[in-house]
Protein chains: 2
Amino acid sequence: MKKRIRIKDIADKAGVSTGTVDRVLHNRGKVAPDVKKRVLAVMDELGYERNLIASALAYNKQVRIVALLPNPTQDPYWQQTTDGVQQAIKAVQHYGLLVEPVYFDVFDAKDFLVRAKELLQTKPQAMLFPPLFLEAAGWLLEACAAAAIPTVLINTQLEQGKSLCYIGQDSYQSGVLGARLLDFGLQQGQTACILNLDFQTASAQHLHKKEAGFRDYFSAHPQKQIQIIRQDFEGFQDVNKCLVFIKQLLDTHPKLAGIFVTNSRAYKVLECLKQLPERNIKIVGFDLLEANLEHLHAGEIHFLINQNPVEQGYEGVMSLFKHLILKQPVEPLQYLPLDIVVKENVDYYLQRHATLEVLGKTL
Amino acid sequence: MKKRIRIKDIADKAGVSTGTVDRVLHNRGKVAPDVKKRVLAVMDELGYERNLIASALAYNKQVRIVALLPNPTQDPYWQQTTDGVQQAIKAVQHYGLLVEPVYFDVFDAKDFLVRAKELLQTKPQAMLFPPLFLEAAGWLLEACAAAAIPTVLINTQLEQGKSLCYIGQDSYQSGVLGARLLDFGLQQGQTACILNLDFQTASAQHLHKKEAGFRDYFSAHPQKQIQIIRQDFEGFQDVNKCLVFIKQLLDTHPKLAGIFVTNSRAYKVLECLKQLPERNIKIVGFDLLEANLEHLHAGEIHFLINQNPVEQGYEGVMSLFKHLILKQPVEPLQYLPLDIVVKENVDYYLQRHATLEVLGKTL
DNA sequence: TTTCTTTGTGTGTGCGAACACACTAAAGAT
DNA sequence: ATCTTTAGTGTGTTCGCACACACAAAGAAA
């Protein structure tokens, strides 16, 4: 082991006490400028690195943070994110980080705001949330900044600067990738559909970026002359409405041969397709939800792109752990990989979810 | 924070001292059977979990382990594994784990044996290596077992039992996946080639498994009537020999339209193809080597399957860290995901390599 | 009985950092 | 002239655990 430099070593060499070195380290002030300079010089010379283990042990404080998440019972996608957060909670709960999950109605921006305001009253020391509702999230970010509460954003990327970090996928690129994957199954002159099964209000720009990526891919690959259409549909919760919509979509576009479902609800489309006369439609969707996996195994979903919702939740909490407890710097932009998932490699991604490590992942 | 149960809490409740609890915890013996039973009962009742942070701090011992790896200058694939090991070394060096990398000639089983024997003399407290040479590796495993030296295997899977854990890909399944990916680019009646650019001695069974997976996929999908051939070629280091070989391969099989290169040397094939009259051959290969990435970006490699060599090295060392320092249980079989990589998602995997975390990954 | 082992148990110290607290000296207030 | 304040610094305790050591009791050998 390279002999580790301790605070005491610095203190000795600089001719001060460990207390002074500590004050320099933590910017607690009350150090004479020349002494501070000397200490810093010695630290630099000896190459001091904080011993995270000893540091974490001695920093014996409780930190309470809040994870404001969509109600997981409303959407299996958010269930996965919640799972990731829960795993992280288990990992860090004994080390001074108390994570309080709070759920809002995924379809209701007002509910998000109400919860957010309530939570701010309780003065958490950090917040984690997906900024699904642009305005409300913007307001919350401002409020947190004003109260000096660090924030971690997941799932939906806003411009950087206001938050400690963003963890999630690169939407634009996921659109490009979706196009590439769908392209494998398309023939000359066929039609591909970008399908937004969502409420417009929620994550609008998010989806726009995916669309842009998708279109840009086909612009850059005009050989097959694929025609691209886009459909937005909000009634996906009602099976009958959904059926009518899909039927009409197919009827209107006889050359339609591929659908890019821009979020995790590809299974909704397949529920409908099954009830209609068979037609060879390639589907590219997102995320390893149970419902999607069934169709993937049945060969009805062509590809799934894994946005790693579990990891988003897990890494989100872990980033705050690093920031607040370990006091390590945090990477402000953490794009998670866009995993291409087919039947033949899905197991390994599912397995990974099962074993996100505890002390294994953060020490 | 859930009030953490400490050793002292157990001691109090069981009416013994912390020293006794400690002896029970670490099986140091010298505890009366009835006392031991009582302590265990209390531990169970209160749900004790060791505080890994305090534990790691107090366990103030130096542990030396050895990583016996192929010479990274001989093969860029092993350079990546070495990179992962190096990153892990940085992460753990201050926490009592001294990792000593030693390199052997990747083409020479004898060299492996010689190094292994030398290393055994130095009595390392654990070993990490890829069992490339079946016999030599088997011998080393036995020797380590005899000396009670735990071993971690990476890259090439042997039957479990002799080692602490295996970290790497599932070879069979990677063959299946390779077939699936190649299948996208093949037409009715074409020929696909399994190409082993390797020395037979090294990793023979490893490659056999890939072949089996590959063949099984096409057996299960006979619709396109793909004919499968296999070629082994050892002269891949000599550009001219290689060219002759590829030329002959193409000439002999006019319907050849896809090549599955079973290791990371797909770029070798492309070097040759470029010098031959153009012919549309789909290539599926392994691993994100610089040379492969160039061809991926140029669209000449159809797909790459990422076997995560960096992670193999990194996680290998980390597993030993967990075992030896943190004394956490280690998952004996750690299949890394088989990432499907195309131009559109490659960046995220490369980025991940750059940011394998330090304390971030193991706490 | 005395002495030596063996077995079982408690005590004490160290790990490195964080932080509360005590203390000093000098400046400022009354 | 005395008291108060404050900047600057050192000391000591704490965190939870690991492990060496001390020590007692009980049994064995003399």
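Chain identifiers are assigned alphabetically (A, B, ...) following the order of the sequence lines, protein sequences preceding nucleic acid strands; residue numbering begins at 1 within each chain.
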### Query
Taking the side chain of B:Ala54 as heavy atoms from C-beta outward, which of D:dT9, D:dG16, D:dA18 is closest to it?
D:dG16

### Message
From CD1 of B:Ile53 over to P of D:dC17, roughly how many Å is that when rounded to an integer?
### Response
11 Å

### Message
On the nucleotide D:dC19, are OP1 or OP2 found under 4.0 Å from the side-chain N or O atoms that B:Lys61 carries?
### Response
yes

### Message
Can you tell me if B:Ser55 touches the phosphate of D:dA18, counting only side-chain N or O atoms and a distance under 4.0 Å to OP1 or OP2?
### Response
yes

### Task
May I have the distance from B:Tyr59 (atom OH) to D:dA18 (atom P), rounded to whole angstrom?
10 Å

### Summary
The first and last nucleotides of DNA chain C lying within contact of chain B, meaning any atom under 4.0 Å from one of its heavy atoms, run from C:dT7 to C:dG16

### Task
Could you pull out all residues at least two apart from A:Ser319 that satisfy side chain to side chain donor-acceptor pair (under 3.5 Å)?
A:Gln334

### Query
For A:Arg6, which residues count as a salt bridge (charged side-chain N to carboxylate O under 4.0 Å, His left out) partner, sequence neighbours excluded?
A:Asp9

### Query
A:Ser55: what forms a side chain to side chain donor-acceptor pair (under 3.5 Å) with it, not counting sequence neighbours?
A:Arg50

### Upstream residue (5' side of DNA chain C) when A:His26 and B:Val31 are each assigned their closest nucleotide
B:Val31

### Task
Estimate the overall bend of the helix from C:dT1-D:dA30 to C:dT30-D:dA1 from the end axes over five pairs each, rounded to 10 degrees.
60°

### Task
Looking only at side-chain atoms of B:Tyr48, point me to the closest of D:dG10, D:dG8, D:dC17.
D:dC17

### Task
Looking only at side-chain atoms of A:Leu57, point me to the closest of D:dC17, D:dT9, D:dG16.
D:dG16

### Query
Looking at residues at least two apart in the chain, or sitting in another chain, which of them share a side chain to side chain contact (heavy atoms under 4.5 Å, CB included) with B:Lys30?
B:Arg23

### Message
Could you check whether any side-chain heavy atom of A:Arg28 comes within less than 4.5 Å of a side-chain heavy atom of A:Asp22, counting everything from C-beta outward?
### Response
yes

